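Written below as structure tokens is the structure these notes are about.
Throughout, protein chains are lettered first and strands after them, A, B, ... in sequence-line order, and every chain is numbered starting at 1. Source: prediction; values computed, not measured.
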There are 2 protein chains.
Amino acid sequence: MPIGIFDSGVGGLTVYKSISKFFPDADLVYLGDCARVPYGNKSKETIIRYSLECSSYLYEKHNVDVLVVACNSASSYALDVLRNYFDIPVIGVVEPGVEAALDVSKNGKIGVIGTYATVNSNAYKRNLLDKAPDIQVFQKACPLFVPLVEEGMINHPVTYHMVKEYIQELVDKGIDTLILGCTHYPLLKGVISSVYPEIKIVDSSEVIIDKIKSIYNKKESGFRKVFLTDISPAFKKLESLLLENSKMEKIELSELCKI
Amino acid sequence: MPIGIFDSGVGGLTVYKSISKFFPDADLVYLGDCARVPYGNKSKETIIRYSLECSSYLYEKHNVDVLVVACNSASSYALDVLRNYFDIPVIGVVEPGVEAALDVSKNGKIGVIGTYATVNSNAYKRNLLDKAPDIQVFQKACPLFVPLVEEGMINHPVTYHMVKEYIQELVDKGIDTLILGCTHYPLLKGVISSVYPEIKIVDSSEVIIDKIKSIYNKKESGFRKVFLTDISPAFKKLESLLLENSKMEKIELSELCKI
């Protein structure tokens, strides 16, 4: 019974890689919906439908035992629906990120950055305030970060400019902790830390591991399967995240289970 | 018998608006595939499949008489397939752009900017050299332009920085004409012209009109219908392009005709 992981594209391979490292004996099946990437610019309704289709594919065709939603937009909008729909544990990136942020923040002022979908959903904010009603949460959508990362412009002056433009207003509010609410953002951790060395950064792709540890403790054969709905140019840039022993296969959109 | 127009999203509404203005009596049906936007980051195979699905929807369900492919990525990869498949005229943005550029260039050095898909397809370059083998063509993918336009960052310092970073190398090659090979780029015309006032700019959304004039000359009732596969946040920003008298409707992806 493998762990199933899905993402809107190949960004979630960062999460896949973390899980693979911490659970070397677990069977892993990753689905990247590259044919419809990104999800962050779609409507709530469409994000929920795509998330159901991806999850059903992993559940029905690969009998996954645990479902990891690596995409922040999908975690923000579709998690409750997925939990109602499937009788297996469903783990998103939002809750682990929230718990880690509450752990490390000293002053109770927490920043959240992500796509429009993630920020507009208020999923992080709601979760943070549910657990700690007295804290203050400041959110900011950073729509240029994904294209900048995908272009490999990590150390480019434009990236520094945009880091300051997006994050300074959160820093001005007094945040001591910043949640990276998008699978692409961990690659900007170095730039953000160099501009704001005093801010503690929470990376969801790391903290999700503890959540999985709490419910998954199986020894399997350790196979690694990656399914993509399109072999897009972006995939070629991130191919190295696939790991040596992964079997990769393209599937048609029509193979996803319609709901 | 209406004119059918399709695009990967709402960017093609610039083309729809031009056509609407020049053909007030024509019936127009626009399809924006917002549920899978953008096409420019997908594989050739996927772009062709989506283009066939969108075109079949317009052809079979709306009996369009002429098919206008407003998306540069789709025009670059799918035009020959669509022409083989449908027995109606199929007009893309590439050929009109090529003809206009050859008309205005004095020194035969032409620049082309677009998404990775459009540039990698070499559709503009091939078409230009087919018609004028002695000219020189210089291409550059400008992947940050679409997010910058979608963010409304037209007059932002980062946009000026990226205009110089992308286009200076074409200017250094001596181009006197630049083809804007993406429906979003006309909104950057002002910035590009202010940095490079000596360069003549060819905007495909304008030049496509002459092509349509050459084959379409009907008086219809002048209805305007817009179908979108998702009502995404980006649509709300460009809603004003829809024009007052357009009837807008959301359709499900499953309503597109599968091929």
State, with a plain yes or no, whether a side-chain heavy atom of [X] is found less than 4.5 Å away from one of [Y].
X        : Y        : value
B:His161 : A:Pro157 : yes
B:Pro38  : A:Pro38  : yes
A:Leu144 : B:Met153 : yes

Legend entry - CD on B:Glu252 to CD on A:Glu45, rounded to 0.5 Å: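 Reported value, rounded in 0.5 Å steps: 6.5 Å.
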Legend entry - Distance in Å, B:Met162 CE paired with A:Glu151 CD, rounded so as to fall on 0.5 Å steps: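 Result: 8.0 Å between the selected atoms.
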Inset, instruction - Pick whichever of B:Leu253, B:Asp33, B:Thr229, B:Val146 has the most heavy-atom pairs under 4.5 Å with chain A. - result: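 Of the candidates given, the most pairs with chain A belong to B:Leu253.
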Would one find more than 12 heavy atoms of other residues, nucleotides or ligands at under 6.0 Å from atom [atom1] of [X]?
X        : atom1 : result
B:Tyr85  : OH    : no
A:Lys61  : NZ    : yes
A:Lys247 : NZ    : no

Inset, instruction - Give a yes-or-no answer on whether the side chains of B:Asp230 and A:Thr46 include a donor-acceptor pair shorter than 3.5 Å. - result: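 A donor-acceptor contact under 3.5 Å links the two side chains.
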Inset, instruction - Identify which part of A:Val37 has an atom lying under 4.5 Å from any heavy atom of chain B, answering side chain, backbone, both or neither. - result: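 Its backbone and side chain both get close to chain B.
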Legend entry - Engaged part of A:Tyr50 at the chain B interface, taking heavy atoms whose separation is under 4.5 Å: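 When you check distances to chain B, only side chain atoms of A:Tyr50 fall under 4.5 Å.
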Inset, instruction - Would you please go through residues 117-129 of chain B and name the residues with a non-hydrogen atom below 4.5 Å from one of chain A, in numerical order? - result: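 No residue falls under the 4.5 Å cut-off.
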Legend entry - Minimum heavy-atom distance between B:Arg36 and A:Ala35, given as atom pair plus value: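 Heavy atoms of B:Arg36 and A:Ala35 come nearest at CB-O, 4.4 Å.
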Legend entry - B:Ile47, part contacting chain A, at a heavy-atom distance under 4.5 Å: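 For B:Ile47, neither part sits under 4.5 Å from chain A.
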